[in-house]
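So the structure is just underneath, and the comments pick up after that.
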Amino acid sequence: MNKPNPKQLSAPDRAAIIIRQHGGMIRMADAIRLGISRNALYSLRDTGRLEQLARGLYRLADMPPLGSPDLVTVAQKVPHGVIYLLSALAFHELTTQIPHEVWIAVPRNSEPPRLTYPPIRVARLRDVAYRIGIEKHRVDDIDVRIYCREKTIVDCFCRRNEVGIDVVVESVKAYRSQQNRNVDLIMEYAKQLRAASAIRPYLEALV
């Protein structure tokens with residue numbers, strides 16, 4: 001069966017093909033850059049072929065359900081954000097807490113993220129605290145920036161009044177039960193974030 005000539009397709013059909021070629025999810029700005037008009041996007045949305053995950057972020061409706069829609073949405077809408085504190089703990093299975101917001105960190109001097117959904121909690125970090133310990137994880141075929149386990153534990157100690165000391169202790173106990181522990185790396189991050197004296201007594205159980 002011959003493939004249809006792209007020139008014979010409607011603008012929404014051509015747009016759907018382009019979006020699928022780019023993973024099935026697209027931001028408005030990227031769509032326009034790829035030659036997709038706003039009207040084509042709106043037509044796909046209004047006919048149910050495209051779902052709107054957030055303002056300016058769309059995904060083909062026939063794609064498999066997302067496993068972590070909130071993390072993926074935030075990663076796409078706030079590309080300079082890093083999954084932080086409770087949300088990072090949950091991702092690394094270091095807490096039983098279920099975050100009701102996506103916690104993210106951004107550089108102190110960056111523009112504040114504007115996102116109506118999902119709800120986010122933003123921490124504006126100084127240079128060192130922001131840039132160390134970032135990992136990229138593939139979530140639902142999207143790269144999501146998340147602080148590593150060791151940096152996250154140190155972050156929790158630094159903000160123990162905010163997250164609660166019970167959550168901090170739980171995270172250390174959970175870390176102890178996991179494989180590939182790196183206590184030296186925790187202490188290295190703790191020294192850089194000036195939290196070594198606070199965290200050292202709790203790490204005795206890990207060595």
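Worth saying up front: this structure is predicted, and the values here are computed from it rather than measured.
With respect to Glu93 and Arg149, no salt bridge is recorded, no charged nitrogen being found less than 4.0 Å from a carboxylate O. Taking 4.0 Å as the cut-off between side-chain N and carboxylate O, Asp155 and Arg159 do not count as a salt-bridged pair. Classification of Asp62 and Arg20 as a salt-bridged pair holds, one side-chain N sitting under 4.0 Å from a carboxylate O.
Annotation: the span from Ile104 atom CD1 to Arg145 atom CZ amounts to 10.5 Å, rounded to 0.5 Å. Once rounded to the nearest 0.5 Å, the distance linking OH of Tyr84 with SG of Cys156 reads 8.0 Å. Atom CG of Leu50 is separated from atom CZ of Arg45 by 9.0 Å, given to the nearest 0.5 angstrom. To the nearest 0.5 Å, the span separating CD1 on Ile120 from CD on Glu101 amounts to 9.0 Å. Atom CD1 of Ile32 and atom CD1 of Ile36 lie 9.5 Å apart (nearest 0.5 Å). Residue Ile134 holds its CD1 atom at 9.5 Å from SG of Cys148, rounded to the nearest 0.5 Å.
Following chains of ILVMFWY side-chain contacts shorter than 4.5 Å, one cannot reach Val74 starting from Met28, and the two form parts of different hydrophobic clusters. Hydrophobic clustering (ILVMFWY, side-chain heavy atoms < 4.5 Å, transitive): Phe157 and Leu185 are in one cluster. In terms of hydrophobic clustering, with Ile, Leu, Val, Met, Phe, Trp and Tyr side chains grouped at heavy-atom distances under 4.5 Å, Met63 and Val139 are assigned to different clusters. Under the 4.5 Å side-chain contact rule for hydrophobic residues, Val122 and Val72 share a cluster. In the hydrophobic clustering of this structure, Leu57 does not group with Leu41; members are Ile, Leu, Val, Met, Phe, Trp, Tyr whose side-chain heavy atoms approach within less than 4.5 Å, directly or through other members.
Ser43 and Asp46 form no side-chain donor-acceptor contact under 3.5 Å, judged by distance and modelled atom types alone. For the residue pair Tyr58/Arg49, the side-chain donor-acceptor check at 3.5 Å is not satisfied.
Using a 4.5 Å heavy-atom threshold, the side chains of Pro107 and Asp127 count as separate. A heavy-atom distance below 4.5 Å is found between the side chains of Tyr175 and Ile153. Between Arg59 and Asp140, every side-chain heavy-atom pair lies at or beyond the 4.5 Å cut-off. Taking the side chain as every heavy atom from C-beta outward, Val128 and Arg126 approach each other to under 4.5 Å. In this structure the side chain of Ser171 never reaches within 4.5 angstrom of the side chain of Thr95, judged on heavy atoms. Between Lys151 and Leu193 the shortest side-chain heavy-atom distance falls below 4.5 Å. Counting heavy atoms from C-beta outward, His92 and Ser87 have side chains that stay 4.5 Å or more apart. When side chains are defined from C-beta on, Val154 does not count as touching Met187, because their heavy atoms never get closer than 4.5 Å.
In this structure, Arg108 contributes its side chain and Leu125 its backbone to no donor-acceptor pair below 3.5 Å. The backbone N or O of Gln178 sits less than 3.5 Å from a side-chain atom of Arg181, completing a donor-acceptor pair. Proximity of a side-chain donor or acceptor of Ser68 to a complementary backbone N or O of Leu71 within less than 3.5 Å is not detected.
Heavy atoms from other residues, nucleotides or ligands lying under 6.0 Å from CZ of Arg131 number more than 12. Enclosure of atom CZ in Arg138 by more than 12 non-hydrogen atoms of other residues, nucleotides or ligands within 6.0 angstrom is indicated. Counted within 6.0 Å of CD on Glu111, heavy atoms from surrounding residues, nucleotides or ligands total 12 or fewer; the atom is thus considered open. More than 12 non-hydrogen atoms from other residues, nucleotides or ligands lie less than 6.0 angstrom from CZ of Arg124.
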Is there a side chain to side chain contact (heavy atoms under 4.5 Å, CB included) between Tyr189 and Ile199 once you walk through the steps?
CA-CA 11 Å; Tyr189 288 144; Ile199 200 172; over 6 Å; no

Could you walk me through whether Leu86 and Val167 pass the side chain to side chain contact (heavy atoms under 4.5 Å, CB included) test, one step at a time?
CA-CA 9 Å; Leu86 285 185; Val167 172; 3.8 Å; yes

Chi angles and distances behind the side chain to side chain contact (heavy atoms under 4.5 Å, CB included) call for Phe91, His137:
CA-CA 10 Å; Phe91 179 84; His137 291 268; 3.7 Å; yes

Could you walk me through whether Asp13 and Leu44 pass the side chain to side chain contact (heavy atoms under 4.5 Å, CB included) test, one step at a time?
CA-CA 8 Å; Asp13 287 341; Leu44 289 172; 5.5 Å; no

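The heavy-atom pair separating Asp166 from Val163 by the smallest distance is OD1-O, 4.3 Å.
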